[in-house]
Amino acid sequence: MTIRRIGAAGAALTVLAALGGCALNGAGGTEADAGADASGEVTGEVTLQTWALKPSFTEYVEGVIDDFEQEYPGTTVTWLDQPGDGYSEKVLAQAAAGELPDVTNLPPDFALSLAREGLLTDVTEVDDTLEDTYVAGALEAYQYRGIEGTFGFPWYLTTDLNYWNTEMFEAAGLDPAAPPTSLDELVAQARTMMDETGGYLMSRKPGVGDFAAEGIPVLSEDGTEFVFNTPEAAALLDVYRTAYADGLLPDDVLTDAYLGNSQLFTEGKVAWSTGGGNFINSVLENNPSLEGKITSSPYMGATPLYVQGLSVSSQSANPTTAVALARFVTNAANQEAFAAEVPGVFPSTTASQEKPELAESDGTPQGDAKQIAFSNLTTAQVLQPVEVDEAMTTIINQQFAAAIAGDKTSQEALDAAVEECNRLLADQ
Amino acid sequence: MTRIAKTVRGVRTGRVRAQLTERTTARTSEPTGEPTPAHAVRTHAWFTPWLLVAPAVLFLLAFNLWPTANAFFLAFTNVRVLSGGELVGFANFERMLSDAQLATALVNSIVYMLVCVPFLLLVPLGLAVLVEKKLPGIAFFRTAFYTPVVASAVVVALIWGWLLDDRGIINSMALNLGFVTEAIPFLTDRWLVLFSAISLTIWKGLGYYMVIYLSALGGVPRELHEAAAVDGAGALRRFWSITIPGVRNTMLLVSVMITVSALRVFAELYILTNGTGGIGGADVSVVMLIQMYARGFSGNLGYASALSLLLFVITLGPLLLIARINRGRG
C-alpha cells in the first residue's frame, strides 16, 4: 500500500516536473533582436519606465513627455514609475515575462544581464552620433566585455566625494581645511581623533571599488576572472584590519547592522562620509544643526562614476518611437533641466560639460560640493565591475569582514572571495 | 516506599485509569440522535462537493504542488531566470559537497534546532499552566505573552538589532553600570549572533506555543487533578503525572513545528546580520543561501532549487520520525 502511494506521488511529481520543463526555455530574445529596426516613422504608443522619480520629479517628467508628444504628433507615452525598493526584481519579472517596457531606466549592471539575453537594443545600430552626444565614460558603462554593442543611452551621472564634520575635526585639534587625501592620512587622523576625543572618523569597511580606486585590478582584462587577491589588495585590507584592531572603527562596521556610515555622519557621530554632490543637502535637511559644520573634498584615489541610462527593449513593438523617446529624454536640454532640479546630478551630454552654472560654486558648502563633484566627473570611472552581482557582493562582504575582524588573514579572505566569485562568474 | 509515592502510583494505575474508562464509556454510550433514513433525499448534484473543494484544490495545485514539482525539476538543471538552461543531472548536488557555506549553514540550523526545541517545548507549557488559572488580571499576562507573536518578524528583528548593537541599549547599560569594560559583540561574534537570533526566535515563539498548550490543557480532565490532590499529590507531581501525559500528543506536534521552523530559520539571522550571514558568512542559514543564489538577474535557480530540495528532505526527517512514534503508540 505504502509503495503504491509513493509510486502515485512520484508519478504525479514527474508529470508536474515535466510540465515544469518549460522553465528551460528561458525568456531571452535572439541575436537578431539586438538590432531592432528603428527606421520607421515616429508615431504611436510607447511606454517609459523610470525608477523612483515620483512624486519628487513628477512635474519634470510629465513636462518632458508633453514636449515629446508635441514634437512628434501622433505619439502617446505611457509613463510607469517603479518604487525605489525591489526595482531589480521588478525589471527581472518584466523581462522574464517578455513584458519589458519600450524604454526603461536601467543602470549598467541591470542592463548587462538583459543585454546578454538579447533583450536590449544595441543603440549603436540606431544612432551613429552617440560619441558626439554623450561623454565617453558614460557610454563605456553600457559596453560590456564579450558583447558587441552599447546597450543604453546615458542619462544622468553622479559621483562621490568626501564630506567632513569640521566641528569634530577642530575638537580633535585637526585642521578641517586640510582633510586626509590618502588612506594612510585618513587612518593617522582617525587615530588622532580617537586619542583626543574618543570620536570616530572612519565607519565603513572597504569593497572592491576601493581596490579599483587605488589602481588595484579587480577583474581580468578579458572579464573572465576576478584577480583582486593580490598582495596590494591584501595590504589595503590590512590597513583596515589594523585600524579595526586599534578601535578606530566601530565594531558593527563589520556587518553594517547598526546604521550606515552616511547615517552616522548625518547624526554627527562620525566625522567622515562619502556621498554624491547632493548628499550635503539631505544631511542638512535631516540634521540642520550641522549647518556650517560640513566641508567637502575630492574622493581619495580614482573618482567613482555612477551612471543611469535609458535602454530600449529589443522586443518593442514600436522601436522607432522608443528610440526617439530615449534620445529626447537624454538630450542636452532635458538633462540640463533635470540637473537644475536635482543638485548633484549631472548631464551625460558632451554639450553640457562647459556650462558655467555646473562648473562654478556659489561659495556655499553645497555649491562647493557640487563644484567638486562636477570637476571630477571628467576623470571619474565606473569602479566596481558590472559583473559583480548581489551574491558576489554578499560573499565579498563576508570575507572582507572576516579579514578585518582578524578571523583570517587578508590574503586568505581575498583568496576565498576570489575563488567563490569566479565560480559565480563562470555560472553567469 | 514513601506514602506519597504509593499514593501517586495508586493515582496512576488505579483510580485515574478507572475514571478515564468511566469517562470514555460515558462518552461512547451517549445517544447519537435520530437514525438516518434509509433513503435520504439527495439535495445536491453529484459535482457539488467537487465544486466546493475546487478553490482550495486549485490554490493548492497552483501555489504548493506546482512550485514544489518545478523546484524538484529545476534542481537537476542549470536554469537561470532569464537564460533558461539544460539538464545537468546531479551536478548541483555534487557542488553541495564542496560548498563550505552550506556546511556552515547546516551546522547553524542544527544548533538552532537543538537549542530551540527544548526551550520552546517546555517553557510555553509552563506559561500555559500559569496563565490557565482563573485569577483576576490573568488576561493581561495572556495578552502580554502573546503580543510578540503578532509583531512582524522583521520589525522584531530590527528592534533586537538596535537593542543588541554595540551602541544599543543593552551594551550602553552594561557599560554604564560597569558590568563590562567593552561592548559585548552580540552582532559580530560568530556564536553570539547565532544565540541572539535563537533568543529572538524563542521570545517570539513563546506566546504562540503557549496558546496551543492552553487549548490542550483544556482537554485534561480537572477531576484527575482533584482526585490526585485528594490523594495527596503535590503540584509538581500532578504536573508530571497528569498534565504532561495529558498534553503528550500536543508536545509531539509542537516539537515537529519547532523543528521544522528552526531548520528553516531566515528572518532573524538575515536581519541581525544585515543579509551578510555575519563575519565570514559564519552565521548563514540554509534559507539565506537559497535566497542568495536565487536572487538577482543572474540568479542560479538550479542550484537554489537543489538547496531547497535538500532542506525539504532534512525537514521531512523529523516529520517521519514523529509519524513513526505516533504509529508506534497507536
Side-chain angles (χ1 to χ4, degrees), chain A residues 12-28 88-89 91-93 95-96 109-110 112-114 116-117 119 247 250-259 269 387 389-395 397-399 401-405 407-408 413 416 420 423-425 427-428, chain B residues 61 65-74 76-87 95 99-101 161-162 164-168 182-183 185-190 193 271-284 288 292-303:
Chain A
L13 270 178
T14 309
V15 170
L16 283 167
L19 289 170
C22 58
L24 286 176
N25 299 332
S88 63
E89 283 83 3
V91 172
L92 190 61
D109 51 334
F110 287 18
L112 169 62
S113 300
L114 304 184
R116 275 196 186 120
E117 303 306 324
L119 292 169
D251 275 357
D252 39 27
V253 74
L254 298 175
T255 58
D256 306 324
Y258 185 57
L259 294 168
K269 290 179 178 169
E387 287 83 355
D389 63 17
E390 288 184 55
M392 293 177 192
T393 303
T394 301
I395 285 158
N397 277 335
Q398 290 171 346
Q399 293 304 324
I404 293 167
D407 289 354
K408 51 173 71 173
E420 191 56 34
R423 185 151 72 163
L424 293 170
L425 184 65
D427 277 353
Q428 280 186 353
Chain B
L61 278 172
L65 288 178
W66 162 255
T68 305
N70 208 26
F72 182 82
F73 173 76
L74 291 176
F76 298 92
T77 69
N78 59 359
V79 163
R80 318 211 139 253
V81 180
L82 292 176
S83 61
E86 56 192 24
L87 287 166
R95 178 175 169 177
D99 189 338
Q101 276 211 307
W162 293 332
L164 298 172
D165 183 78
D166 272 14
R167 292 176 295 280
E182 56 184 46
F186 289 114
L187 302 180
T188 48
D189 177 83
R190 186 250 188 281
V193 175
I271 300 291
L272 289 182
T273 63
N274 202 30
T276 64
I279 296 169
D283 293 296
V284 78
M288 282 172 74
M292 187 179 97
Y293 284 113
R295 271 189 78 179
F297 286 98
S298 50
N300 186 342
L301 295 185
Y303 190 56

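Chain identifiers are assigned alphabetically (A, B, ...) following the order of the sequence lines, protein sequences preceding nucleic acid strands; residue numbering begins at 1 within each chain. Because only heavy atoms are used, hydrogens play no part in the values below, and waters and symmetry mates are left out as well, while side chains stay in.
Residue contact with chain B, scored on non-hydrogen atoms closer than 4.5 Å, is absent for Leu112(A). Gln101(B) touches chain A through its side chain: at least one heavy atom from C-beta onward sits under 4.5 Å away, while N, CA, C and O do not. Within the 4.5 angstrom heavy-atom criterion, atoms from both the backbone and the side chain of Ala391(A) approach chain B. In this structure, no portion of Ile404(A) lies under 4.5 Å from any heavy atom of chain B.
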> Step by step, would you call Arg116(A) with Leu82(B) a side chain to side chain contact (heavy atoms under 4.5 Å, CB included)?
Replying inline: CA-CA 9 Å; Arg116(A) 275 196 186 120; Leu82(B) 292 176; over 6 Å; no
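Comparing Gln399(A), Arg423(A), Lys408(A) by how many heavy-atom pairs each has under 4.5 Å with chain B, the most go to Arg423(A).
Shown here are the side chain to side chain donor-acceptor pair (under 3.5 Å) partners of Glu89(A), two or more places apart in sequence or in another chain: Arg295(B). For Asp99(B), the side chain to side chain donor-acceptor pair (under 3.5 Å) partners at least two apart in sequence or on another chain are Tyr303(B).
Across all their heavy atoms, Ile279(B) and Ala402(A) have their closest contact at CG2-CA, 3.3 Å. When all heavy atoms are compared, the tightest approach of Met292(B) to Thr394(A) is SD-CG2, 3.6 Å.
Atoms OG1 and CG, on Thr273(B) and Leu254(A) in that order, are 12.5 Å from each other to the nearest 0.5 Å.
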